[in-house]
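Naming convention: chains lettered A, B, ... in sequence-line order (proteins, then strands); numbering from 1 in each chain.
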There are 2 protein chains.
Amino acid sequence: MTVTIYDVAREAGVSMATVSRVVNNNPNVKPQTRKKVFEAIERLGYRPNAVARGLASKKTTTVGVVIPDISNPIFSEVARGIEDIANMYHYNIILCNADKKKEKEIRVINTLLEKQVDGLLFMGGAITDEHIQAFKTATVPVVLCATTDESGTIPSVDIDHQAAAFDAVNLLIQYGHRSIGMISGTLQDPSNGNARYLGYKQALDKAGIPFNENYVRIGNYKYESGIEVTKYFLELPNRPTAIFVANDEMAIGTVHAIQDAGLKVPDDISVISVDNIRMASMVRPQLTTVAQPMYDIGAVSMRLLTKLMNKESVDRSKVVLPHEVIIRESVAPHHS
Amino acid sequence: MTVTIYDVAREAGVSMATVSRVVNNNPNVKPQTRKKVFEAIERLGYRPNAVARGLASKKTTTVGVVIPDISNPIFSEVARGIEDIANMYHYNIILCNADKKKEKEIRVINTLLEKQVDGLLFMGGAITDEHIQAFKTATVPVVLCATTDESGTIPSVDIDHQAAAFDAVNLLIQYGHRSIGMISGTLQDPSNGNARYLGYKQALDKAGIPFNENYVRIGNYKYESGIEVTKYFLELPNRPTAIFVANDEMAIGTVHAIQDAGLKVPDDISVISVDNIRMASMVRPQLTTVAQPMYDIGAVSMRLLTKLMNKESVDRSKVVLPHEVIIRESVAPHHS
DNA sequence: CTGTTAGCGCATTCAC
DNA sequence: GTGAATGCGCTAACAG
């Protein structure tokens, strides 16, 4: 039924070792023999069995990528970066969606490890002890991308979320705003949600603006959430003149909520966020935001992983990529 | 270094066959023995090697999914449907992005087949002879989702794109529009791009509206493309009063181009499209569009694949799921 | 340059 | 219920 390397060997009148050599591009084969083998392969429609190869060689040339939420544009952009570099180094990648569920993340890590991937890339999300535990059982290298672990034991590639948030809020302050609201993500995630919150506080602090609890509300990173929380701000007796939103998607909700209330962005209220997903320039006004180099985060983390898999030495196993403030149309100076 | 089934056997004082049985939930094991084995597994931190298992059993319990463009929300939603059903039937799925390149699609199909997946799901995109050829070499079942092949030889799950387009344009006509532009995708793709074009023509035809070549322009499904093409329409001496756009993303571009020109949607120009991605309701005005049941397309195709993998008989191997016109805010009656 | 020989880690007969 | 033996398809020494 299925044609094996042995069938090819017989057909070509050589040994299976030779077939293996030509299939694996081993140079130690006479061109003539190589040709014979290729013809036999063609004739028989032979397709190498990666499973058998993996068992024999103890390498699968594939890396597992766990993606927290396949429908989140951030992660899909990171995935592109991962892929391009993976292809460059001739690794296959297998993507596993984890649906934002911690339990599923752990499960996926384990099945990936069972499948004997040569390395693991873990994207996004908060890193808990359970994660660390799962990573520890791995005999292959692991790198985090677009997230970090607090303990700092696992190689990672990410931006400095606190600094990014700081820069965003700081821009608002430079534009004369002093009543600045924030729509945050969950504070439970230290590497991301909480970091952005800290950046916000830090910027206020530096400018000598007192922190006002009523100016901070928690959203869930979704568009609808942005709308909802913004309504709260709009009903405040002294509503903020600018809002810092933890991600672009919520920020679009914020813009629409403001517009739906008959106000204008940025004339009445300025809005700034973080991420710079494609959608950020698919709104009117276009979003001013702090860009995360998503593609690069993916590319660099994959490159780091290849080094680790090759047992090359790496200087820093925790790399922080630069972010950039992208000025568009949603922020204006505050006129008092 | 790595602990094998054999180590567990020794540790538990049983044979490897027994360990294999408990790992695979074979009922023919005395509870007491089972317990001993589990303890040994725990103690040693044994993790089954899926590669070895795959070689021995000739099954990998994983299905390969090729996704044409991971950053396209349509496909990621379809992928969710696939995943949920796959989990339900205890299959792992490995996602492979093909970057909208035919050459890469073929390559990915082949590596997936080499990896001995138990089945293959091919998403989106035009199906060429090369694809068919690649599928033919597969010894495992293949199903297409969100696309169809013309020859009808491969099982598939999709909507009737022509009918969907027809319904969209028909709505416009019922609202009194007779000057209806269309922004199409490539006409090279029979199952999708061309089908929507045919639906447009069909609707005009039925209403006795003469077809006007200048009212049809080809875009590339991207936001920017929607903007660009719409500008062309706006400069037409007798510009259309309504535009049918082949997908939501371009339609958002259309809406913005119209607004940027100082006109209003839908008061001045109505816009309707196809897909109903999340973003369709993240614009002002919210898009009236024909919904594709993306999640269901994924779920149904995965279900179909499980049947095929089990060699169960299926009644129809080409299933067409219903679409639905979603009325929102971007279409208004035409006032002459 | 090419062939022979051993496994890789496990599922699966077939006995007992 | 359990164990012993065999082989899945291939790579990797090793020998020649």
Side-chain angles (χ1 to χ4, degrees), chain A residues 1-38 40-41 44-62 90 110-111 113-118 139-140, chain B residues 1-38 40-41 44-62 90 110-111 113-118 139-140:
Chain A
M1 188 68 238
T2 96
V3 22
T4 78
I5 202 174
Y6 189 73
D7 299 321
V8 176
R10 209 174 1 149
E11 173 84 9
V14 299
S15 77
M16 53 186 285
T18 300
V19 177
S20 176
R21 287 193 187 95
V22 343
V23 168
N24 291 296
N25 270 315
N26 184 318
N28 295 338
V29 180
K30 210 197 303 178
Q32 209 179 108
T33 332
R34 182 182 302 277
K35 184 154 169 291
K36 270 197 312 192
V37 172
F38 272 133
I41 287 178
L44 267 42
Y46 168 70
R47 190 195 322 264
N49 181 327
V51 172
R53 174 183 296 178
L55 184 59
S57 69
K58 294 171 146 276
K59 276 177 300 173
T60 54
T61 60
T62 102
H90 298 102
N110 282 314
T111 69
L113 257 20
E114 286 182 7
K115 283 188 189 308
Q116 312 298 120
V117 293
D118 293 340
T139 57
V140 296
Chain B
M1 188 69 237
T2 95
V3 22
T4 77
I5 202 174
Y6 189 73
D7 300 320
V8 176
R10 210 172 1 146
E11 174 82 11
V14 299
S15 76
M16 52 185 287
T18 301
V19 177
S20 175
R21 288 193 186 95
V22 344
V23 167
N24 292 295
N25 270 315
N26 184 319
N28 295 338
V29 180
K30 211 195 304 176
Q32 209 179 107
T33 330
R34 183 184 303 277
K35 184 154 170 290
K36 270 197 312 189
V37 172
F38 273 132
I41 287 178
L44 266 41
Y46 168 70
R47 190 197 318 267
N49 180 327
V51 172
R53 173 182 296 179
L55 186 58
S57 69
K58 296 171 146 272
K59 275 178 299 172
T60 53
T61 61
T62 103
H90 299 102
N110 281 313
T111 69
L113 258 18
E114 285 182 8
K115 283 190 189 308
Q116 312 299 119
V117 293
D118 293 340
T139 57
V140 296

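- A:Y46 places a side-chain heavy atom less than 4.5 Å from the side chain of A:V23.
- Every side-chain contact (heavy atoms from CB on, under 4.5 Å) that A:N26 has, sequence neighbours left out, goes to A:R21, A:N28.
- When the side-chain contact (heavy atoms from CB on, under 4.5 Å) test is applied to B:T62, the partners found at least two apart in sequence or on another chain are A:K115, B:T60, B:N92, B:I94, B:V117.
- Residue A:T18 has a polar side-chain atom (N or O) positioned under 4.0 Å from OP1 or OP2 of C:dG3.
- The shortest side-chain heavy-atom distance between B:V3 and B:V8 falls under the 4.5 Å cut-off.
- Judged by distance alone, the side chain of B:S57 and the main-chain N or O of B:R53 form a donor-acceptor pair under 3.5 Å.
- Bounding nucleotides for the chain B contact on DNA chain D, 5' to 3', at a heavy-atom distance below 4.0 Å, are D:dG1 to D:dG9.
- Heavy atoms only, all atoms of each residue included: A:D118 and A:V140 are closest at O-CB, 3.5 Å.
- In the helix from C:dC1-D:dG16 to C:dC16-D:dG1, the terminal helix axes, each the rotation mapping four pairs' C1' atoms onto the next four within five end pairs, subtend 30°, rounded to 10°.
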I'd like to compare against my own output: the B/S/- annotation of nucleotides 8-16 of chain C with a strict under-4.0 Å heavy-atom distance to protein. BBBBB----

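- Every residue meeting the side-chain contact (heavy atoms from CB on, under 4.5 Å) condition with A:K30, not counting sequence neighbours, appears here in chain and number order: A:Q32, A:T33.
- How far CG of B:D7 is from OG1 of B:T2: 7.5 Å, rounded to the nearest 0.5 Å.
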